[in-house]
Amino acid sequence: MKKLCLCLLIILLLFTGCEKPESTQIVATTLPVYEFTTQLCKGTPITVSMLITENVSCLHDYSVQVSQMQNIESAETIILSGAGLEDFLDDALRNHPQKVNAAEGIGCNHNADEHHNTHHHDEDPHLWLSPEKAKQMSVNIAANLSDIYPEYEEQFLANLMELLAKLDALQEYGENTLHDLSCRELITFHDGFSYFAEAFDLHILKAVEEESGSEISAKELVNLSKLITDLNIPAIFTETNGSVASAKALQAEMDVAVYTLDMAMSGGSYFDAMYHNINTIKEALE
């Protein structure tokens, strides 16, 4: 009898040890909303994972992998950046019961410049590149999380205050660092930096959306060369994961400096990417 009781006790302990702690699973699509959501969920048992972990420049032709579909299907809540960025997920998310659109109610800029590919957004969805709009996204996420998980509302609110303070510090740093630039005109080889420019009183002179294999024409290169010469532009800007062919051609022809900005869409840290952009603009245009 004692042996039987001992065996039952061991079996019970084994099963108890194998039980996984309960957790709530959230999937955020890209780095900015992942980082905002992770900070908002700090101090709660909610777990947050990022759907798109590859280094990407744009999501125009992004193909969802099987493992990502499985993550979507198993997630309780999906956090979307919104503003059309995740249109490629429309079918996958059609029947998902709980989706949060971080861009809800935030006005978007329209893309009106040259596009050298077959797919592009009519509205600029890269809202997070403005600290002020990133704050609005964070407020939207926090409000929705509080509705979905009301038991953690106080923690969400406390975490939101910390996150907003970090974004305010980012805005202040950018304004102070870029206050006395000798040139405030940007030529970029990506059309997603309009909110960043607005945030820090910069002007997008020309934004060329270029993909590898569809570089701009010789005529357009000549027009850009003339623009750079006429306005004495000291530097042009590519994007971390974007095409650099045309920018390098201009550099070789005109000896104009080429710097790299980061869309902060993927990688290690949204805040690191944003501070990198501010410091890069300072170095290039001071």
Side-chain angles (χ1 to χ4, degrees), residues 18-106 108 121 125-129 133-160 162-164 166-167 241 263-271 273:
C18 291
E19 287 181 0
K20 294 180 180 179
E22 290 186 7
S23 64
T24 301
Q25 180 66 29
I26 293 178
V27 170
T29 54
T30 57
L31 178 66
V33 287
Y34 166 76
E35 193 160 342
F36 302 158
T37 305
T38 298
Q39 294 199 30
L40 289 170
C41 291
K42 186 176 62 176
T44 76
I46 297 172
T47 60
V48 185
S49 62
M50 184 163 61
L51 185 69
I52 300 170
T53 56
E54 304 98 317
N55 290 326
V56 293
S57 175
C58 276
L59 299 176
H60 303 308
D61 299 308
Y62 190 84
S63 297
V64 184
Q65 301 171 16
V66 173
S67 59
Q68 292 171 320
M69 282 298 301
Q70 292 171 341
N71 288 342
I72 289 170
E73 291 169 2
S74 63
E76 290 184 7
T77 304
I78 305 290
I79 309 292
L80 300 167
S81 184
L85 184 73
E86 296 97 347
D87 284 349
F88 67 96
L89 285 176
D90 283 351
D91 290 339
L93 295 176
R94 194 174 306 281
N95 297 317
H96 199 283
Q98 219 147 242
K99 301 182 287 287
V100 173
N101 177 6
E104 185 175 3
I106 305 176
C108 292
H121 301 288
H126 306 91
L127 297 161
W128 59 87
L129 289 174
K133 291 188 184 296
K135 286 170 63 177
Q136 294 175 267
M137 294 174 76
S138 300
V139 169
N140 282 343
I141 296 170
N144 278 274
L145 290 178
S146 296
D147 289 340
I148 298 167
Y149 310 109
E151 63 272 30
Y152 306 123
E153 183 175 7
E154 289 187 10
Q155 188 66 52
F156 294 144
L157 181 59
N159 292 340
L160 176 63
E162 290 183 13
L163 179 54
L164 295 182
K166 289 181 67 175
L167 289 165
N241 300 301
M263 292 301 302
M265 186 184 293
S266 57
S269 166
Y270 162 79
F271 284 97

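What you see is a predicted model; the values in this text were computed from it and never measured.
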- Heavy-atom donor-acceptor pair, Y152 side chain to I46 backbone, under 3.5 Å: no
Let me check something: any side-chain donor-acceptor pairs from residues 68-75 under 3.5 Å, sequence neighbours excluded? List them with distances.
from : atom 1 : to  : atom 2 : distance (Å)
Q68  : OE1    : Y62 : OH     : 3.4
Q68  : OE1    : Q65 : N      : 2.8
Q68  : NE2    : L51 : O      : 2.9
Q68  : NE2    : Y62 : OH     : 2.8
S74  : OG     : Q70 : O      : 3.1
S74  : OG     : N71 : O      : 3.2

- Query: At what distance, to the nearest 0.5 angstrom, does CE of M265 lie from OG1 of T29?
  - Reply: 9.0 Å
- For E104, does the CD atom have more than 12 heavy-atom neighbours from other residues, nucleotides or ligands under 6.0 Å away? no
- D90 CG: over 12 foreign heavy atoms closer than 6.0 Å: yes
- Query: Looking at N101, L80, I78, which hits side chain to side chain contact (heavy atoms under 4.5 Å, CB included) with E86?
  - Reply: L80
- Task: Could you pull out all residues at least two apart from S269 that satisfy side chain to side chain donor-acceptor pair (under 3.5 Å)?
- Result: none
- Message: Give me the atom names and distance for the closest heavy-atom approach of A103 to A83.
- Response: CB-N, 3.7 Å
- Query: Under 4.5 Å between any side-chain heavy atoms of V33 and V100, yes or no?
  - Reply: no
- N140 to A102 - nearest heavy-atom pair and separation: ND2-O, 2.9 Å
- How close do L129 and A264 get, heavy atom to heavy atom, and via which atoms? CD2-CB, 4.3 Å
- Do Q25 and T47 have side-chain heavy atoms sitting under 4.5 Å apart? yes
- Can you tell me how far the CG atom of N159 sits from the CD1 atom of I141, to the nearest 0.5 Å? 12.5 Å
- Measuring from I52:CD1 to L85:CG, what's the distance to the nearest 0.5 Å? 7.5 Å
- Task: Show your working on side-chain hydrogen bond (donor to acceptor under 3.5 Å, both in side chains) between S266 and E54 and close with a plain yes or no.
- Result: CA-CA 7 Å; S266 57; E54 304 98 317; over 6 Å; no
- Of the non-hydrogen atoms in T77 and Q98, which two are nearest, and what is the gap between them? OG1-NE2, 3.2 Å
- Spacing of CD belonging to E162 relative to CG belonging to L157, to within rounding of 0.5 Å: 11.0 Å
- Task: Give the minimum heavy-atom separation between L40 and F156, together with the two atoms involved.
- Result: O-CD2, 3.2 Å
- Query: Are any of the side-chain heavy atoms of L163 and F36 separated by less than 4.5 Å?
  - Reply: yes
- Verify whether one side chain among T44 and Y149 offers a donor that lies under 3.5 Å from an acceptor in the other. no
- Task: With the side chain counted from C-beta on, respond yes when H126 and S81 share a heavy-atom pair under 4.5 Å apart, and no when they do not.
- Result: no
- Item | Minimum heavy-atom distance A142-L160, with the two atoms named | CB-CD2, 3.9 Å
- Message: Side chains of Q39 and E35, heavy atoms from C-beta outward: is any pair under 4.5 Å?
- Response: yes
- Task: Determine whether L127 and C108 make a side-chain contact, defined as any pair of heavy atoms from C-beta on separated by less than 4.5 Å.
- Result: yes
